[in-house]
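Working notes for the structure below.
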Amino acid sequence: MIVAEQKPMEEIRRVIAPYERVLLLGCGTCMTVCGAGGEREVSFLNSALRVAQAKSSDGIHNFSEYTVKRQCDFEFLDSLADKVNEVDAILSLGCGIGVQVVAERFPDIPVLPGVNTSFMGMAKEWGVWDERCAACGDCRLAETAGICPITRCTKGILNGPCAGTKNGKCEANKDMDCAWILIYKRLERLQQLDKMRRYYPPRNFRVIPRPRRIVMKADVEPGEDNG
Amino acid sequence: MDNYQASRMREASYGHSLIPPCQVACPLHMEIGEYVDLVAQGKVLEALQVIRDGNPFPSICAYVCTHPCEDACRRSQVDKPIAIRALKRFAVEFGGDRMIQLEAETTQSEKVAVVGSGPAGLACAYYLRKLGYPVTIFEAYSELGGMLRVGIPQYRLPREVVDTEVQRLIHMGVEIKANTRVISLDLLFDIGYKAVFITVGAHQSLRMGIEGEESPGVIDGATFLREVNLGLKPSLGEEVAVVGGGNVAMDAARAAVRLGASKVSILYRRSRAEMPAGPDEIEQALEEGVETMFLMAPTKMKRENGRLGVTCTRMELGEPDAGGRRRPVPIEDSEFNMEFDTLITAIGQAPQISEDFRLRIGKGSTIQVDPVTLTTNRAGVFAGGDAVTGPATVTQALASGRQAAFRIDDYLRHRYPLVDKEAEETLSGELSPETIEMIRKTERLEPPILPPEARAKEFKAVELIYNWEAAVDEARRCLRCGMGAEILFQDKCATCLTCLRVCPYHVPYLDEGGTIQIPADQCQACGICVAECPARAIVLRKPYDRRHIDEELEHALKSAAESKSKPLIIGFCCQYGLFGTGALASLWRGGKAGIWIVPVLCVAKLEGEHILRAFEMGAEGVFIAGCGEQCSRENTAFWVLQRVERIRRALSQIGLEPERLQTFNLRAAEGDTAEALDNFTGQIGRLCLASVIKQEVKS
Amino acid sequence: MANSLFEEKLNSDGFLVTTEIGPPKGADVSEMVHHIDLLKDKVDAINVTDHQSSVMRFPSLGGCLLVKERGGEPIIQITCRDRNRLALQADLLLAYSRDIKNVLCLTGDSVDVGDHKEAKPVFDLDSVQLLKTAREMESGKDMAGNELKGVPQFCLGASVHPEADFIEPQLVKFEKKVIAGAQFFQTQGIFDLENLRRFMQYASQFNVKILAGIIVLASARMARYMNDNVPGIIVSQAIIDELANVEKGKGLQKGIEIASRFIKTIREENLCHGVHIMAVGNEGIVPDILEAA
Ligand SMILES: Cc1cc2nc3c(=O)[nH]c(=O)nc-3n(C[C@H](O)[C@H](O)[C@H](O)COP(=O)(O)OP(=O)(O)OC[C@H]3O[C@@H](n4cnc5c(N)ncnc54)[C@H](O)[C@@H]3O)c2cc1C
Ligand code: SF4
Ligand code: SF4
Ligand code: SF4
């Protein structure tokens with residue numbers, strides 16, 4: 001899942017300042033799961049913005065809220081068409097993808113981000129999310145016992161731990177496990193330590209140049225040889 | 001448009017709680033969960049209202065109901081069932097049930113005759129009057145009430161209670177014809193009655209069928225109790241035997257004790273475990289000195305020298321019978337003799353129906369009826385109560401009386417019977433071991449009773465009433481079966497697993513298809529998942545007349561706006577326990593200017609938006625007062641604090657002091673809540689002043 | 001044939017002594033020059049650190065040029081934190097062209113421990129890959145396989161952590177560095193000679209030179225601070241106690257004493273091939289230590 005965090009209220013208030021009627025738009029998928037922009041967060045934000053407005057005298061906004069199942073595909077946004085006509089801006093609590101899809105779908109209205117899209121990860125427990133994948137486009141988990149050093153090692157190095165690891169934790173953050181210690185232990189358990197002894201050449205950062213696109217659809221013309 | 005999603009939620013969350021097993025077990029289907037919950041909030045008047053909606057004579061039931069609801073109560077899977085009957089007694093006494101005056105208007109012309117004034121007859125008359133029919137009750141005895149009057153002894157049901165109900169019926173316009181034994185139904189139709197309800201009870205004691213049963217000194221239980229209840233003091237001598245193991249036997253034995261018999265023994269052919277009498281009855285009888293002799297049965301009796309010689313045979317338990325009880329089998333050559341002054345037989349009763357009624361009689365001399373319509377073989381003649389079922393219970397009789405009233409109405413209105421909408425979903429299923437493990441065990445609180453020495457010589461009521469605190473604490477034990485959480489919008493659920501992670505009882509689970517399920521039969525209705533679900537897909541199955549927190553909040557905000565007192569402080573206060581009447585009573589009465597209370601049913605149900613809403617509408621401070629770790633549900637304080645922290649963060653981001661939001665533990669052992677609240681009010685006042693000054697300086 | 005003076009010494013059997021200099025934060029190099037002059041004749045080579053602890057400073061390459069200028073033997077430290085593969089190769093070429101051939105290839109500390117915490121960490125390569133890259137350049141090709149005009153030659157070193165609390169993965173990495181081309185290792189600070197002894201039992205099977213890292217501690221407080229804040233460092237309790245038991249103001253003296261004692265033991269017992277003294281900001285005392293040892 002994509003994990004994000006709501007932007008600080010101050011920043012949100014700044015970006016919406018020029019607009020009177022603002023639609024707070026939630027996303028019912030990843031942003032709901034990570035608690036950054038589901039229906040509850042939208043309504044929480046709506047209330048908080050109203051409080052802020054009531055307590056200060058700057059700008060009178062008119063807020064409305066709505067949450068779609070997913071912001072990252074046009075079809076989910078169709079139901080918004082009417083609502084969009086009634087507002088001056090949309091504050092999207094979707095991930096960065098959502099914001100852009102909404103912007104693309106409604107070219108005539110400003111779409112502002114309400115969250116900082118942070119990473120792809122999982123819930124470690126209630127209220128705690130951890131990054132797990134960097135979408136590097138060249139997955140190496142087969143060699144690293146299913147633990148991603150690119151994501152979970154702060155340096156993303158490929159040939160073993162640096163010397164900064166202490167108590168199994170990372171030098172950059174004493175609360176985070178050192179990915180390489182985890183990898184070593186798991187490889188040992190799987191009796192695959194040879195995988196760690198192997199030399200791994202530098203990463204290929206040119207998997208596909210940015211922006212990336214994956215095409216699953218084959219390039220076929222019906223009616224030629226087969227259809 | 002902005003509130004479309006919110007209102008969809010609100011509408012959907014009304015009125016679809018599942019029927020809990022206690023309610024299913026109750027012959028009257030009373031909304032037990034509902035009134036127990038109201039008692040838990042100290043709302044005794046509201047509780048009484050719910051009780052009265054489901055029961056014509058709650059004061060009577062509160063004394064003598066055999067409470068099948070408690071046998072069904074799911075709390076017994078955890079520890080002990082809720083003391084439902086005793087809580088009802090509390091509600092009717094403290095709610096002033098006997099003060100309530102009832103009126104009824106006559107809107108129909110068809111007269112209805114009720115034959116017999118036992119609970120079935122009284123209930124039928126009560127509901128027929130409410131439906132607007134002229135009703136006459138015919139009763140063979142001089143006083144009304146049937147077994148309530150001539151069966152159940154006073155120490156279990158004071159006569160004033162029955163009198164009150166009879167007076168109330170008279171006030172409602174029921175015509176009473178006492179000392180009038182109906183001998184012919186044709187006659188009733190001849191004098192203009194359009195329908196008749198026969199509810200003559202089961203008063204004919206069964207005979208043991210042994211030699212010497214007719215001897216002087218042998219009396220049947222129903223007759224004995226009737227004599228006692230009508231104020232005659234039958235002379236029993238010193239040593240009394242009672243044969244039988246049911247409630248009638250217990251009552252006869254205990255009445256005998258009260259009449260001065262020095263030794264009272266119960267002879268029962270099985271063992272204690274098989275006794276049909278209620279465990280409490282047996283217990284109290286033993287306390288009063290009644291002795292028991294198990295596994296023996298009289299086979300012969302003879303009156304000699306002013307004493308009664310009784311020959312008994314010993315029994316042993318054989319194979320279980322159809323009802324599952326082990327059948328007693330006589331042991332050969334085990335006969336022995338005993339002597340008593342009096343022997344009371346109490347081995348059961350049967351109805352005795354006059355042949356002149358020309359009614360079809362079935363098994364056990366009972367009147368045969370259609371179980372749904374209660375119609376007999378004669379047009380316009382309905383029957384119910386013990387006369388139909390054989391000896392049963394007061395509540396069953398009330399239920400059949402009520403049913404009869406509605407069926408008679410259907411009949412007189414030429415309507416196809418509108419059968420009770422039993423289509424409502426009921427809650428079934430055992431609690432899972434994981435759920436049970438997480439439910440805190442709390443002792444069942446029993447109401448106080450008179451000490452045995454104080455009751456043995458008189459007919460004073462034995463059971464006393466709970467005090468407020470005990471009643472509320474006992475009611476708080478209820479698991480609120482069927483009021484729990486439900487994923488109302490599966491389309492909204494993002495399967496984020498929040499509910500699964502936050503539930504203290506491990507109720508939600510992921511099914512094989514990857515859909516999250518919240519099994520209704522496990523949920524403890526704490527509401528934590530409801531307030532945490534980021535998709536707002538979950539609602540609590542709410543009883544119909546309960547207000548949402550947002551409604552309560554809007555109400556408080558409106559009243560506050562009208563009163564214009566400053567600074568405005570909103571307090572969300574838990575309604576469970578005695579807080580409504582206790583610690584916060586002065587606030588309730590508006591004693592402290594500016595503080596407005598929003599009652600909530602457990603602070604764990606409070607959502608962040610509610611608190612923010614209070615600030616938006618001008619509250620300078622908000623506090624949340626719950627019972628902390630004493631909550632009857634788990635982890636509630638933790639979740640409240642989580643939300644509070646979250647809002648404090650938001651407050652400081654928008655330039656408000658986080659101290660404007662506080663929590664109080666109303667049941668904290670140490671510390672004076674009132675004082676803490678005072679400090680808070682003072683603090684808010686100062687913050688308020690400071691911000692006013694800041695504003696002035698700015699402009 | 002040796003590429004550098006230092007490599008020549010590596011190939012001999014002598015006891016090696018190196019030390020390190022941290023370049024200044026700022027453009028004033030006078031103090032650094034002073035230290036170079038003080039040390040250049042007392043040690044076999046001088047390391048110049050590369051934004052040590054991820055704190056931005058005068059560059060390592062610049063420091064090495066100064067060492068050269070003053071007539072010393074530099075070891076350039078190159079980390080992978082701040083440069084991608086283009087910049088790393090370019091720096092190697094530049095160093096070689098200025099006769100700086102001793103290269104210590106390091107992964108580099110994480111930016112989170114430094115003073116520019118918001119910087120983008122690069123780590124395009126890691127230390128093993130950097131070693132291998134340098135070796136490959138010696139065969140006349142860059143990483144992309146393109147021909148180099150003018151082929152560099154290096155004396156390559158790396159670091160190893162014999163005191164890591166979980167040593168096995170460190171040893172795996174050590175071996176990978178050896179295979180990738182490291183000729184010498186300067187270890188992280190050693191605070192318990194037993195750890196060194198144990199490590200050498202393992203390391204002696206490889207044909208590489210090991211220089212034990214000696215960190216000069218100035219006080220028990222500093223020791224504790226390093227334990228908490230400096231990546232990888234684990235000062236033993238015995239050393240902390242020893243430092244804690246001296247009177248105020250005498251800490252550094254004690255630190256010098258401990259360092260000298262370590263060096264002496266290592267040399268006398270022939271525990272490894274040399275020492276690498278890290279005085280962390282007290283470069284001036286290194287001659288004292290050597291004297292005492
Ligand atoms: C000693 C005893 C203790 C009991 N204790 C309990 C208890 O604790 N809890 C409980 O739930 N149940 C108890 N019961 C059972 C309960 O009292 C009965 O099930 C209930 O009263 C049945 O009500 P009913 O209206 O069907 O009949 P009844 O109460 O028996 O009333 C029938 C009435 O009809 C009258 N009648 C009969 N024939 C005619 C006629 N021809 N004309 C006019 N009137 C007539 C009778 O005089 C009588 O008043 C007890 C019963 C007894 C005997
Ligand atoms: S716990 Fe409450 S709701 Fe559940 S069966 Fe018992 S009394 Fe009824
Ligand atoms: S908390 Fe809500 S959205 Fe999440 S799984 Fe449960 S019901 Fe679905
Ligand atoms: S959290 Fe509470 S309301 Fe939700 S399922 Fe669990 S017990 Fe029921």
Side-chain angles (χ1 to χ4, degrees), chain A residues 1 6-13 21-24 26-58 62-70 79-80 82-84 86-87 93 122-128, chain B residues 1-6 8-9 489 491-503 528-538 607-620 622 638-639 642-643 645-647 649-657 660 691 694-695 698-699:
Chain A
M1 281 280 163
Q6 218 170 77
K7 280 182 175 288
M9 197 67 75
E10 216 171 50
E11 186 181 340
I12 292 180
R13 292 182 69 202
R21 298 166 304 168
V22 181
L23 171 63
L24 310 178
C27 170
T29 307
C30 301
M31 293 305 101
T32 299
V33 174
C34 72
E39 188 175 318
R40 178 171 305 284
E41 293 315 309
V42 167
S43 125
F44 188 92
L45 179 64
N46 189 350
S47 312
L49 287 170
R50 284 178 209 261
V51 176
Q53 180 159 295
K55 298 285 162 183
S56 69
S57 39
D58 49 343
N62 199 334
F63 296 109
S64 50
E65 54 176 82
Y66 198 75
T67 300
V68 291
K69 180 100 192 164
R70 242 169 63 197
S79 60
L80 280 178
D82 292 344
K83 299 172 181 80
V84 165
E86 294 164 19
V87 297
L93 298 191
M122 57 171 276
K124 188 90 182 139
E125 58 187 86
W126 177 83
V128 179
Chain B
M1 141 183 159
D2 57 345
N3 281 324
Y4 154 75
Q5 283 171 323
R8 178 174 161 217
M9 168 148 110
F489 309 106
D491 58 325
K492 280 210 225 165
C493 169
T495 330
C496 71
L497 309 187
T498 298
C499 48
L500 182 147
R501 294 190 174 114
V502 303
C503 174
I528 291 172
C529 64
V530 180
E532 288 301 326
C533 169
R536 298 213 287 192
I538 315 178
E607 300 172 25
E609 295 89 302
H610 295 131
I611 299 169
L612 286 170
R613 172 81 182 148
F615 281 111
E616 181 195 342
M617 295 309 285
E620 298 290 346
V622 172
F638 170 84
W639 289 104
Q642 282 288 340
R643 288 169 212 154
E645 280 314 309
R646 168 100 213 273
I647 292 168
R649 239 177 293 147
L651 287 181
S652 60
Q653 282 183 11
I654 52 185
L656 285 174
E657 299 80 358
R660 288 174 185 264
S691 68
K694 241 195 285 177
Q695 287 282 329
K698 246 205 223 155
S699 55

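Convention: sequence-line order gives letters A, B, ...; per-chain numbering from 1.
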| query | Are B:Phe489 and A:Glu39 close enough, and set up right, to give a side chain to side chain contact (heavy atoms under 4.5 Å, CB included), and what steps lead you there? | reply | CA-CA 12 Å; B:Phe489 309 106; A:Glu39 188 175 318; over 6 Å; no
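Put simply, of B:Ala650, B:Cys493, B:Ala531, B:Gly618, the one with the most heavy-atom pairs under 4.5 Å next to chain A is B:Ala531. Counting heavy-atom pairs under 4.5 Å between each of B:Gln642, B:Arg613, B:Met617 and chain A puts B:Gln642 at the top.
Of the residues listed (B:Leu656, B:Leu651, B:Ile654), the one engaging A:Lys55 in a side-chain contact (heavy atoms from CB on, under 4.5 Å) is B:Leu656, and it is the only one.
Annotation: salt bridge (Lys or Arg N to Asp or Glu O under 4.0 Å) contacts of A:Arg21 (sequence neighbours excluded): A:Asp88.
At a threshold of 4.0 Å, the pair B:Glu609-A:Arg40 counts as salt-bridged, since one of the basic side-chain nitrogens sits closer than that to a carboxylate oxygen.
Nearest heavy atoms, B:Gly608 versus A:Phe44: CA-CE1, 4.0 Å. The shortest non-hydrogen separation linking A:Glu41 to B:Arg646 is OE1-NH2, 2.8 Å. Taking every heavy atom of both residues into account, B:Leu612 and A:Ala48 meet most closely at CD1-N, 3.8 Å. In terms of heavy atoms, A:Gly28 sits closest to B:Ala494 at O-CB, 3.4 Å. In plain terms, the two heavy atoms of B:Arg501 and A:Glu125 that are nearest each other are CD-C, 4.2 Å.
One finds the CD atom of A:Gln53 at 8.5 Å from the CD atom of B:Glu616 (value rounded to the nearest 0.5 Å). To the nearest 0.5 Å, the span separating CG on B:Leu497 from CE on A:Met122 amounts to 11.0 Å. Remark: B:Gln653 CD to A:Glu11 CD distance equals 10.5 Å, nearest 0.5 Å.
Contact annotation for A:Ser43: both backbone and side-chain heavy atoms come within less than 4.5 Å of a heavy atom of chain B. Heavy atoms closer than 4.5 Å to chain A are found nowhere in B:Ala614, neither backbone nor side chain. If you measure heavy-atom distances from B:Glu532 to chain A, the contacts under 4.5 Å come from both the backbone and the side chain.
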